[in-house]
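Since the structure is predicted, the reported quantities are computational estimates derived from the model, not experimental observations. A note on names: the letters A, B, ... follow the listed sequences, proteins ahead of strands, and every chain is numbered from 1.
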2 protein chains.
Amino acid sequence: MSDPSFAPRPTLEAVAARAGVSRATASRVVNGSEGVRAPLAERVKRAVDELGYVPNQAARALVTRRNDAIAVVVAEPETRFFADPFFAQQVRGISRELTLYDNQLVLLLTEGAADYERVGRYLGGGHVDGALIFSLHDDDTLPALARRAGVPTVIGGRPDWSDGDTLYVDCDNRGGARDAVRHLLNLGCRRIGHIAGPLDQTASVDRLDGFRDALPDIDPRLVAEGDFTPDGGSRAMARLLDDFPDLDGVFAASDVMASGALRLLRTRGCRVPEDVAVVGFDDIVSVAEWTDPPLTTIRQDIEEMGRMMARLLLRRIESGAAGADAPALSSIVTRTQLVVRASA
Amino acid sequence: MSDPSFAPRPTLEAVAARAGVSRATASRVVNGSEGVRAPLAERVKRAVDELGYVPNQAARALVTRRNDAIAVVVAEPETRFFADPFFAQQVRGISRELTLYDNQLVLLLTEGAADYERVGRYLGGGHVDGALIFSLHDDDTLPALARRAGVPTVIGGRPDWSDGDTLYVDCDNRGGARDAVRHLLNLGCRRIGHIAGPLDQTASVDRLDGFRDALPDIDPRLVAEGDFTPDGGSRAMARLLDDFPDLDGVFAASDVMASGALRLLRTRGCRVPEDVAVVGFDDIVSVAEWTDPPLTTIRQDIEEMGRMMARLLLRRIESGAAGADAPALSSIVTRTQLVVRASA
DNA sequence: CGGCGGAATGAGAGCGCTCTCTCGGCGCGT
DNA sequence: ACGCGCCGAGAGAGCGCTCTCATTCCGCCG
């Protein structure tokens, strides 16, 4: 087997020799620093081309302490990670932003706490310059892990603790939820239920809080906990309907759950929005536009949030490298927006 | 800002000093090689714990030429990558297998050929020990790129060229397609159409070939090309129905497209399977079990294929390291299986 | 026309690790 | 009791790169 990986890769040394310059000069040219006279630079570039030289990243990383790679750590079984379009969009945003700055995305999937040790080792090993952590649940040790590993981190979604040092990007879950319920109220709904996400995540809690803001002193049974899956939404909807046959409005904490709720509503013969009006959250287009009827929802710009996470992290890494007098960085909370379609 | 990344990470040297041994011995202990007497090894381990030592991967990679990381390159816009459960399952399989062997997964998303240069640089940079490439289209230069970069590669899905050196993992697309059509035939269908995938991918072509195997000399208009999305399936179904009102059977080249077809069939008032029987391909459970009616389909074990890809690649890397007398590796084609649900 | 300043180039010291090679010490055979 | 062989530990040479610092070369001014 003629394994091409056996052809030893040319080193900077070789390039320098061929160009008749020193390694230092070759390095300067390769890294695009100025102060090399044109003819020399030209010769080096030619040598690079002819030899097909590509810098060895390990060697470079060893001295620069930079990897130009950041990890995306998902504290969620792959099943949900891939099934949920929310992650998909966020990762896309991240990926695009990182690409812009020539950084690579290393995906670290965890299946339960057993993998945490492995992830910790990886982060500590200096493989990546930073980490983006997603979808935290109560008491998740992932951020602590990253911190111990000395890896700059940005979290997707407000964490359930707060200290000035923790950076995150989230949307205004509470305000968005409030808007959703007010919309329902304006439509004339009198009996409004809420399909919440798992309450060990702040996004769910914040949305529930927003719901309560608009509807204080509500019967607690009007809140049914789902799990961000269609089925969960469906089950929660069923419970709500069983407990409150006079239900005429529902705010679901995610579009995906709302789609499940819609499905159940249909099997129960309820018309949407005539009998029951439904508002979702997220505005995941591939879901919200395709439900029957199309979903009224609270829009958050998920991809943009992904980009922001990446940018924030990159800046934090940068500032770490720059020293103490770096500009202070702060978490970002984005605005949400009501998108009215047909379901409410 | 008290950036913890500024606490310099302890080096092997420090561990050795603390344990009162040489760097070499410390290294031996850390890497679990034998031939170090227990008391010494014990002291080293203690030092590692106390210092919180984690080996610097860049330094290690520099000398071992191993990164314990492999790249997954997706020649597909993120949109489809994330939207399509097929990739999700495959990546899960890969991730699991890699984790087993303490390898990391680096996800390289490409958005069009513009990104190829970047990917090439990355692969050539020695960041990863190997690459898994997915979802190739005609004349895709990705494999050539990987080869030029000297990176061992395994391809997901049969490539459209063949040479003994190219390793791939695929299922028996043609045989599966044949089975699907035969099932339709056994059911008594007389006018069977095919919703094909994009014909610049071998999987689509192979499935079409299987369709033709079972139905030679068929009217070419009975084949409608889709794009592996629900919408594409829907559109193709519409075309088929328009051209052949007497259609009574459809074989779709993917479950996702079949679900779109089902949707269209419903809007047209066709009963499934009474009026038109439908068979899909893939057996993506989250799709096939949830369509209405549940989808009869051709099962391929996608996750297992992912695992196989990873294993094959790891072995190829291994064999590269072992030298010429490594066992010959060969591509894998897995068996498919008809799964009968309600749609046919 | 000598010398000075500044820019361009080269020399060389590591970065943290692995691994070969050498050396020291111990058990054993005679 | 002496020497041989072998196992366990240490010394040291890189891996390929970056970057500081010394050196050289040039254009100019005096």
Between which nucleotides of DNA chain D, 5' to 3', does chain B make heavy-atom contacts below 4.0 Å?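 Contact span on the strand: D/dG8 to D/dG16.
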Please list, chain by chain and in numerical order, all residues satisfying side-chain contact (heavy atoms from CB on, under 4.5 Å) with [X], sequence neighbours excluded.
X	value
A/Arg37	A/Pro39
A/Ala69	A/Asn67, A/Gln104, A/Val106, A/Val128
A/Ala41	A/Val29, A/Val36
B/Val30	B/Leu12, B/Val48, B/Tyr53, B/Pro55, B/Arg60

Donor-acceptor pair, side chain of [X] and main chain of [Y], under 3.5 angstrom:
X	Y	result
B/Thr202	B/Pro159	no
A/Thr153	A/Val151	yes
B/Arg316	B/Pro152	no
A/Ser95	A/Val91	no
B/Thr25	B/Val21	no
A/Asp68	A/Asn103	no

Distances under 3.5 Å between protein N/O atoms and the N/O atoms of nucleotides 23-25 of chain C, please, pair by pair.
none

Do any of residues 11-21 of chain A sit with a heavy atom less than 4.0 Å from DNA chain D, and if so which? A/Thr11, A/Leu12
Any residue in residues 35-56 of chain B with a heavy atom nearer than 4.0 angstrom to DNA chain D? Just list them by number, or reply none.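 Residues of residues 35-56 of chain B that come under 4.0 Å of DNA chain D are, in numerical order, B/Gly35, B/Val36, B/Arg37, B/Leu40.
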Looking across every strand, which nucleic acid part, if any, lies under 4.0 Å from A/Arg28 by heavy atom: base, sugar-phosphate, or nothing? base
For the residue pair B/His127 and B/Tyr122, does the interplanar ring angle fall in the parallel (under 30°), tilted (30 to 60°) or perpendicular (over 60°) class? parallel
Between B/Thr25 and B/Ala59, name the one whose nearest nucleotide on DNA chain D is closer to the 5' end.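 Looking at the nearest nucleotide for each, B/Thr25 comes out on the 5' side.
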Just how large is the angle between the end axes of the helix from C/dC1-D/dG30 to C/dT30-D/dA1, five pairs per end, to 10 degrees?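 Taking five pairs per end, the axes differ by 60°.
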Using a distance-only test with no angle check, is there a side-chain donor-acceptor pair under 3.5 angstrom linking B/Tyr116 and B/Asp140? yes
Please collect all salt bridge (Lys or Arg N to Asp or Glu O under 4.0 Å) contacts where either partner lies in [range], sequence neighbours excluded, each pair once.
range	value
residues 117-133 of chain A	A/Arg66-A/Asp129, A/Asp115-A/Arg118, A/Glu117-A/Arg121, A/Arg121-B/Asp102
residues 10-21 of chain A	A/Glu13-A/Arg23, A/Arg18-A/Glu50
residues 304-313 of chain A	A/Glu97-A/Arg307, A/Glu97-A/Arg311, A/Glu303-A/Arg307, A/Glu304-A/Arg311

